Amino acid sequence: MTGLVDVTELLLSRIRDVADYPEPGVMFKDITPLLADPAAFTVLTDTLAAVAASTGATKVVGLEARGFILGAPVAVRAGLGFIPVRKAGKLPGATLSQAYDLEYGSAEIEVHAEDLSSGDRVLIVDDVLATGGTAEASIELIRRAGAEVAGLTVLMELGFLGGRARLEPALAGAPLEALLVV
């Protein structure tokens with residue numbers, strides 16, 4: 001791959017549309033074909049690792065669950081530590097938690113309190129930016145742990161859902177990079 005257009009075309013060619021999943025009227029963007037293709041997955045990992053380097057990140061946070069799949073190899077490639085942000089009740093030991101609102105109800109995420117410190121610059125990695133609720137909660141969680149948010153990067157942004165507008169105030173100038181916007 002020689003340029004951003006080539007990367008974009010490769011990634012898009014490996015994402016499958018699944019109509020009416022998980023409910024009628026929704027066009028689900030399935031990234032499993034991309035993950036199954038070693039060349040495409042390597043290009044994705046390398047591209048996200050370059051984002052990590054450009055932000056000066058010292059750690060990568062992956063958001064449950066597909067953010068783990070993308071974030072862990074990015075951290076390895078970039079030579080950084082990886083920290084999972086999990087749904088409430090999934091981590092043993094002392095955690096910090098952050099509740100946030102969903103369209104219908106609420107949810108909560110957690111991180112191990114000792115995994116982040118004041119010297120850390122954290123890049124948040126996830127597969128999709130939709131409405132931005134989970135990402136916004138993770139930004140708050142990282143700051144509450146005393147670390148700095150170096151940025152947020154996603155494979156795909158669903159632009160029509162307004163997540164970027166929601167996150168920009170929370171990011172306070174830290175970059176938001178989406179490799180694909182659909």
Side-chain angles (χ1 to χ4, degrees), residues 4-5 7-36 40-41 43-45 47-52 54-55 57 60-74 83-88 90 97-111 122-144 149-182:
L4 188 54
V5 173
V7 169
T8 300
E9 288 176 8
L10 175 64
L11 298 178
L12 281 172
S13 75
R14 300 305 188 274
I15 296 171
R16 177 176 57 158
D17 286 343
V18 180
D20 298 321
Y21 183 82
E23 59 188 50
V26 173
M27 181 63 72
F28 185 78
K29 300 293 188 181
D30 181 13
I31 68 166
T32 59
L34 189 156
L35 300 174
F41 194 16
V43 167
L44 173 60
T45 300
T47 303
L48 294 175
V51 172
S54 75
T55 65
V60 171
V61 154
L63 304 182
E64 189 164 329
R66 289 180 299 260
F68 299 171
I69 296 168
L70 302 183
V74 166
I83 294 137
V85 167
R86 305 267 344 240
K87 294 175 184 171
K90 300 289 186 180
S97 65
Q98 182 68 40
Y100 61 101
D101 291 328
L102 299 169
E103 188 175 354
Y104 300 104
S106 63
E108 190 172 357
I109 55 173
E110 295 179 331
V111 68
V122 179
L123 177 67
I124 303 162
V125 175
D126 205 3
D127 65 328
V128 174
L129 171 59
T131 62
T134 307
E136 184 178 44
S138 70
I139 291 167
E140 179 63 26
L141 195 57
I142 290 163
R143 290 194 177 125
R144 285 184 42 231
V149 176
L152 168 67
T153 189
V154 296
L155 165 59
M156 188 175 3
E157 176 182 349
L158 305 179
F160 61 94
L161 291 177
R164 181 175 292 267
R166 177 181 184 166
L167 290 177
E168 284 176 343
L171 283 165
L176 167 53
E177 174 116 15
L179 302 185
L180 306 171
V181 178
V182 296

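Small disclaimer: the values here were computed from a predicted structure and weren't measured.
The existence of a salt bridge linking Arg164 and Glu157 is confirmed by a sub-4.0 Å separation between a basic side-chain nitrogen and an acidic carboxylate oxygen. Using a 4.0 Å cut-off between charged side-chain N and carboxylate O, Glu110 and Arg86 make no salt bridge.
Atom CD1 of Ile69 sits about 11.0 Å away from atom CG of Leu44, to the nearest 0.5 Å. The CG atom of Leu155 sits 11.5 Å away from the CD atom of Glu177 when rounded to the nearest 0.5 Å. Taking CD from Gln98 and CD1 from Ile142, the interatomic distance works out to 11.0 Å, rounded to the nearest 0.5 Å. Between the CD1 atom of Ile83 and the CG atom of Leu63 there is a distance of 12.0 Å, given to the nearest 0.5 Å. The CG atom of Asp20 sits 13.0 Å away from the CZ atom of Phe28 when rounded to the nearest 0.5 Å. Considering CZ of Phe41 and CD1 of Ile31, their distance stands at 8.0 Å, rounded to 0.5 Å.
Using a 4.5 Å heavy-atom threshold, the side chains of Leu35 and Leu70 count as touching. Looking at heavy atoms from C-beta onward, Leu123 lies in side-chain contact with Thr153 at the 4.5 angstrom threshold. Annotation: side chain of Val128 is not in contact with side chain of Lys29 (no heavy-atom distance under 4.5 Å). Residues Leu11 and Leu34 are in side-chain contact: their nearest non-hydrogen atoms beyond the backbone lie under 4.5 Å apart.
Nearest heavy-atom pair, Val149 versus Ala174, reported as atom, atom and distance to 0.1 Å: O-CB, 3.6 Å. Nearest heavy-atom pair across Pro175 and Thr55 is CG-CG2, 4.1 Å. Minimum heavy-atom separation, Ala135 to Leu152: CB-CD2, 4.0 Å. Scanning both residues, Arg144 and Ser97, for their nearest heavy atoms gives NH1-O, 2.5 Å. The shortest heavy-atom contact between Arg14 and Ala40 is CG-CB, 3.8 Å.
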Take Val125 and Val154 through the test side chain to side chain contact (heavy atoms under 4.5 Å, CB included) and record every step on the way to the result.
CA-CA 6 Å; Val125 175; Val154 296; over 6 Å; no
Where do Ile139 and Leu171 land on the side chain to side chain contact (heavy atoms under 4.5 Å, CB included) test, with the steps shown first?
CA-CA 7 Å; Ile139 291 167; Leu171 283 165; 3.6 Å; yes
Report the C-alpha distance between Val122 and Val60 in whole Å, list the side-chain angles of each, state the deciding distance to 0.1 Å, and finish with yes or no for side chain to side chain contact (heavy atoms under 4.5 Å, CB included).
CA-CA 6 Å; Val122 179; Val60 171; over 6 Å; no
Are Ser106 and Tyr100 close enough, and set up right, to give a side chain to side chain donor-acceptor pair (under 3.5 Å), and what steps lead you there?
CA-CA 6 Å; Ser106 63; Tyr100 61 101; over 6 Å; no
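Under a 3.5 Å cut-off, the side chain of Arg143 and the backbone N or O of Ser138 do not form any donor-acceptor pair. Judged by distance alone, the side chain of Thr45 and the main-chain N or O of Val74 form no donor-acceptor pair under 3.5 Å. Side chain of Glu64 to backbone of Lys87: a donor-acceptor contact under 3.5 angstrom is found.
For Tyr21, the OH atom is loosely surrounded, since the number of other residues' heavy atoms within 6.0 Å does not exceed 12.
Shown are Leu129, Leu179, Ile15; of these, the side chain to side chain contact (heavy atoms under 4.5 Å, CB included) with Met156 is made only by Ile15.
Residue pairs meeting the salt bridge (Lys or Arg N to Asp or Glu O under 4.0 Å) criterion with at least one partner in residues 126-135, sequence neighbours excluded, are Arg66-Asp127.
Scanning for side chain to side chain contact (heavy atoms under 4.5 Å, CB included) contacts around Arg16 gives Val18, Asp30, Thr32, Pro33, with sequence neighbours left out.
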